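All remarks here apply to the structure that follows.
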Amino acid sequence: MKEKELRRSMSVFPIGTVMKLTDLTARQIRYYEEQDLIHTERNEGNRRMYSLNDIDVLLEIKDYLTDGLNMAGIKRIYEMQEKEKLSFQNSTHQLTDHDVRRILYDEIVSQSGMIGKSKDSFQSGGPRL
DNA sequence: GTTCTCACA
DNA sequence: TGTGAGAA
């Protein structure tokens, strides 16, 4: 049933709708697009149009951000997924998107996952870079 | 009224 | 990332 995938990939929402659905600012949404985290289409008026898929990705990004990941970490997750599609295409292991995502998430969080903590201990009057 | 691009505090 | 200017 590829029908749904097609529909999910149809860019039909203006940025205003996406803002409400994701609680992100227009600035952030456009920035993530610039970072190649999502790929929007433009309509006749040069307006960005977003698909349900884009919204899903944006929602994920927001979760990653909440857990202290930075743009670099998030980009890795999505770069890795593309890489995985190209190189494991012919079925040595069959990890699902979800599996790949969870594995990378765990790795990255455990490496740079203490951002929030160090932030707290350095917050007031702490040393500046 | 909404969104776009670009620039700057 | 936020915000404002000027245009579409």
Side-chain angles (χ1 to χ4, degrees):
Chain A
M1 205 183 268
K2 297 290 182 183
E3 186 77 11
K4 286 187 179 178
E5 286 184 36
L6 253 109
R7 297 194 192 289
R8 292 184 60 74
S9 295
M10 288 200 275
S11 302
V12 293
F13 305 109
I15 197 169
T17 302
V18 180
M19 288 173 68
K20 292 176 184 172
L21 261 38
T22 63
D23 275 303
L24 295 169
T25 65
R27 182 80 168 79
Q28 286 177 298
I29 295 170
R30 299 191 188 108
Y31 177 70
Y32 301 149
E33 176 188 352
E34 221 175 310
Q35 303 304 302
D36 282 302
L37 268 30
I38 58 177
H39 309 92
T40 69
E41 293 174 14
R42 300 300 186 98
N43 64 14
E44 306 75 26
N46 194 38
R47 265 76 215 270
R48 268 170 267 251
M49 300 300 279
Y50 300 81
S51 68
L52 290 173
N53 268 320
D54 295 327
I55 295 176
D56 277 348
V57 173
L58 256 11
L59 254 16
E60 283 175 26
I61 294 174
K62 206 180 62 162
D63 284 342
Y64 292 142
L65 254 22
T66 299
D67 287 324
L69 273 74
N70 52 33
M71 274 305 112
I74 293 174
K75 283 175 84 172
R76 281 192 208 172
I77 293 178
Y78 289 94
E79 286 171 10
M80 160 60 128
Q81 280 186 52
E82 288 184 27
K83 209 173 183 179
E84 194 266 348
K85 277 186 180 175
L86 296 178
S87 54
F88 289 100
Q89 208 168 28
N90 38 38
S91 82
T92 307
H93 344 15
Q94 295 189 337
L95 298 179
T96 66
D97 271 21
H98 179 273
D99 289 331
V100 175
R101 214 167 294 179
R102 194 189 63 75
I103 293 171
L104 256 66
Y105 175 81
D106 287 346
E107 283 184 15
I108 296 177
V109 169
S110 61
Q111 289 175 39
S112 60
M114 292 175 52
I115 296 175
K117 195 172 185 180
S118 53
K119 194 177 180 181
D120 281 330
S121 40
F122 281 32
Q123 197 163 30
S124 54
R128 286 175 198 168
L129 304 180

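What you see is a predicted model, and the numbers here were worked out from it, not measured in a lab. All chains are named by letter (A, B, ...) in the order of the sequence lines, taking the proteins before the strands, and each is independently numbered beginning at 1. The figures that follow rest on heavy atoms only: side chains count, while hydrogens, waters and symmetry mates do not.
Placement of A/Leu21 and A/Met49 in two distinct hydrophobic clusters is found when ILVMFWY residues are connected by side-chain heavy-atom separations under 4.5 Å, directly or transitively.
Applying a 4.0 Å cut-off to non-hydrogen atoms, none of the residues of residues 56-63 of chain A approaches DNA chain B. The stretch residues 12-21 of chain A comes close to DNA chain B through A/Pro14, A/Ile15, A/Gly16, each having a heavy atom under 4.0 Å from the strand.
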(message) Return a single string for nucleotides 1-8 of chain C, one symbol per nucleotide in 5' to 3' order, where B is base contact, S is sugar-phosphate-only contact and - is none, cutoff 4.0 angstrom on heavy atoms.
(response) BBB----B
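Between A/Ile29 and the choices A/Ile55, A/Val18, A/Thr40, A/Ile61, the side chain to side chain contact (heavy atoms under 4.5 Å, CB included) rule is met once, by A/Val18.
Within the structure, no pair that satisfies the ring pair (Phe, Tyr, Trp, His ring centres under 6.0 Å) test touches residues 15-59 of chain A, not counting sequence neighbours. Residue pairs that meet the ring pair (Phe, Tyr, Trp, His ring centres under 6.0 Å) test with at least one member in residues 55-77 of chain A, sequence neighbours left out, are A/Tyr64-A/Tyr105.
The salt bridge (charged side-chain N to carboxylate O under 4.0 Å, His left out) check on A/Glu5 picks up A/Lys2, with sequence neighbours excluded. The salt bridge (charged side-chain N to carboxylate O under 4.0 Å, His left out) test applied to A/Arg7 returns A/Glu3, not counting sequence neighbours. Remark: A/Glu34 engages no residue in a salt bridge (charged side-chain N to carboxylate O under 4.0 Å, His left out) (not counting sequence neighbours). A/Arg30 pairs by the side-chain hydrogen bond (donor to acceptor under 3.5 Å, both in side chains) definition with nothing, not counting sequence neighbours. Partners of A/Asp56 according to the salt bridge (charged side-chain N to carboxylate O under 4.0 Å, His left out) rule, which considers only residues two or more places apart in sequence or in another chain, are A/Arg8.
Between chain A and DNA chain B, the heavy-atom contact criterion of under 4.0 Å yields a 5' to 3' nucleotide range of B/dT2 to B/dT5.
Here A/Leu59 contributes atom CG and A/Asp23 contributes atom CG; the two are 9.0 Å apart, rounded to the nearest 0.5 Å. Expressed to the nearest 0.5 Å, how far CD of A/Glu44 lies from CG of A/Asn46 amounts to 10.5 Å. One distance of note links CZ of A/Arg101 with CG of A/Asp106; it measures 13.5 Å at 0.5 Å rounding. To the nearest 0.5 angstrom, A/Asn70 atom CG is 10.5 Å from A/Lys75 atom NZ.
A donor-acceptor contact shorter than 3.5 Å links the side chain of A/Asp54 to the backbone of A/Ser51. Within the 3.5 Å criterion, the main-chain N or O of A/Leu24 finds no donor-acceptor partner in the side chain of A/Lys62.
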(request) Quick one: the dot-bracket string of DNA chain C, using Watson-Crick and G-U wobble pairs with both distances under 3.5 Å, [ ] for crossing pairs and | for bases paired to another strand. (result) .|||||||
